[in-house]
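Numbered from 1 within each chain, the chains take letters A, B, ... in sequence-line order. This one's a predicted model, so the numbers in the text were calculated from it and none came from an experiment.
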There are 2 protein chains.
Amino acid sequence: MIQTHAVRLFTERGYDATTVADVAEAAGVSPMTVYRHFPTKEDLVLVDQRVQLVAEQITATSALQPLVRRIGSALVDSAKALTGGGSGNDLTANEQFLLARLRLMISTPALRAKHLDNNYALQQAIVDALGDDGTDPDTAFHAHAAASACLAAMHTALVRWAEDDGRTELPDLIAKALAAAFGDGIADTDPDK
Amino acid sequence: MIQTHAVRLFTERGYDATTVADVAEAAGVSPMTVYRHFPTKEDLVLVDQRVQLVAEQITATSALQPLVRRIGSALVDSAKALTGGGSGNDLTANEQFLLARLRLMISTPALRAKHLDNNYALQQAIVDALGDDGTDPDTAFHAHAAASACLAAMHTALVRWAEDDGRTELPDLIAKALAAAFGDGIADTDPDK
DNA sequence: ACCGCAGTGGTAGTCACTAACAGTTTGGTA
DNA sequence: TACCAAACTGTTAGTGACTACCACTGCGGT
């Protein structure tokens, strides 16, 4: 509830021009309560990264495939879970809310910075999930390079998705971004296609 | 001078535990003076991105090459300018200072986030320099995906460089990171090698 | 009626950062 | 030397995010 009011106020008046006290008042609670649920003002907007989910998808992929393919397909699949499968044409309320938060995130430096740093944390989780045992620094370096590049491509897809107002399916956009960066074919999700 | 004291204090006591007033006192100036030279506390540490330089290198590359190759070679070249050419074995004072700031940047969330956002601004400049006229949204999307992935690989190289205490040449590490992400051969700088 | 406990609120403080104003130093000019 | 303008520095008084600490309320179980 607090989050809903926050995103609405931030969108209407701007992020910087809206204080946490404003959000608290709109939600009918005290500023203290806001801080109890959301450790920082930025967390009122930022999208849950689902680190756990992505990591599980990574371990589920075949270790025989190239790194960017393993990571890419995991990201595409997690995007499906995020948008709810993407069945019909109309956007669900969940997707609308996601879009509103993404638009704030893109246009507000503080939010954008924190989101990019969250992506960096996700990168660490991906490298861990890839099964890097830490013995070979070159292997870890390779994994970090691949993971960071894949996540950067995904971020580009997120921005494009928000600019498109969600008209294109997010998983498809991510696959397109991966293909644009790494070349066609590397990021196909379903081999039976 | 202010910056030198700031990095030293941040390294000794920690970034969060050091106030801007502390930095000002160590530098023998008032807190206001610090804010006049560095708009935010983070700017006391962050590395100059040299957006202009990278953009010029991009326009100097052949438009016939693949995007990641154009961007990659520009990033490798700008890294040479940043570290000062990398001639001898010993680290220059400039490189030492760069290393200290990088270490802070990697370990401090606020600094890391802002640096990643600076990279995002650099991405915009790279896309602009690539000559995207904005008419075709797919072309722009392609350029953004490639640029973001290249910058992510470069960031990975920066982290590795700091972990290595600068023992490996930074431009070489960036080339290695690009090769790890995009495949060998795509990021070679000098064709005559 | 009693206890524990999760959720909520108040108070006071720290610190990054800003705006408005005032004093000082510096470099160029007559 | 005298002078002026511009750059530099300092003071004060704020705003707002965020924290630590303590008190209060409702609520199910014994």
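Look at CG on L111(B): it is 12 Å from P on dA16(C), rounded to the nearest Å. If you take CG of L44(A) and P of dA17(D), they are 10 Å apart, rounded to a whole angstrom. Atom OH of Y15(A) and atom C1' of dG16(D) are 12 Å apart (whole Å). One interatomic measurement links the two molecules: CZ of F38(A) to P of dT8(C), which rounds to 11 Å at whole-angstrom precision.
Within 6.0 Å of atom CD in E25(A), 12 or fewer heavy atoms from other residues, nucleotides or ligands are found, so the atom counts as exposed in its surroundings. The local environment of CD in E12(A) is crowded, with over 12 non-hydrogen atoms from other residues, nucleotides or ligands closer than 6.0 Å.
In this structure, T33(A) reaches the dG9(C) phosphate: one of its side-chain N or O atoms is under 4.0 Å from OP1 or OP2. Close to dT8(C), at under 4.0 Å from its OP1 or OP2, lies a side-chain N or O of H37(A).
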Nucleotides 17-26 of chain C: protein proximity per nucleotide (B base, S sugar-phosphate only, - neither; heavy atom, under 4.0 Å): BBB-------

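Closest non-hydrogen pair, A152(B) versus A152(A), comes out as CB-CB, 3.7 Å.
Side-chain atoms of W161(A) do not come within 3.5 Å of backbone N or O of E169(A) as any donor-acceptor pair.
No side-chain donor-acceptor contact under 3.5 Å links T18(A) and D22(A). Side chains of H115(A) and R112(A): a donor-acceptor N/O pair is absent below 3.5 angstrom, by distance only.
Electrostatic pairing of D164(A) and R167(A) does not count as a salt bridge here, judged by no charged N lying under 4.0 Å from a carboxylate O.
Of the residues in residues 21-30 of chain B, those with a non-hydrogen atom less than 4.0 angstrom from any atom of DNA chain D are V29(B), S30(B).
Cation-pi contact between K41(A) and Y15(A): present, with separation from the ring centre below 6.0 Å and deviation from the ring axis of at most 45°.
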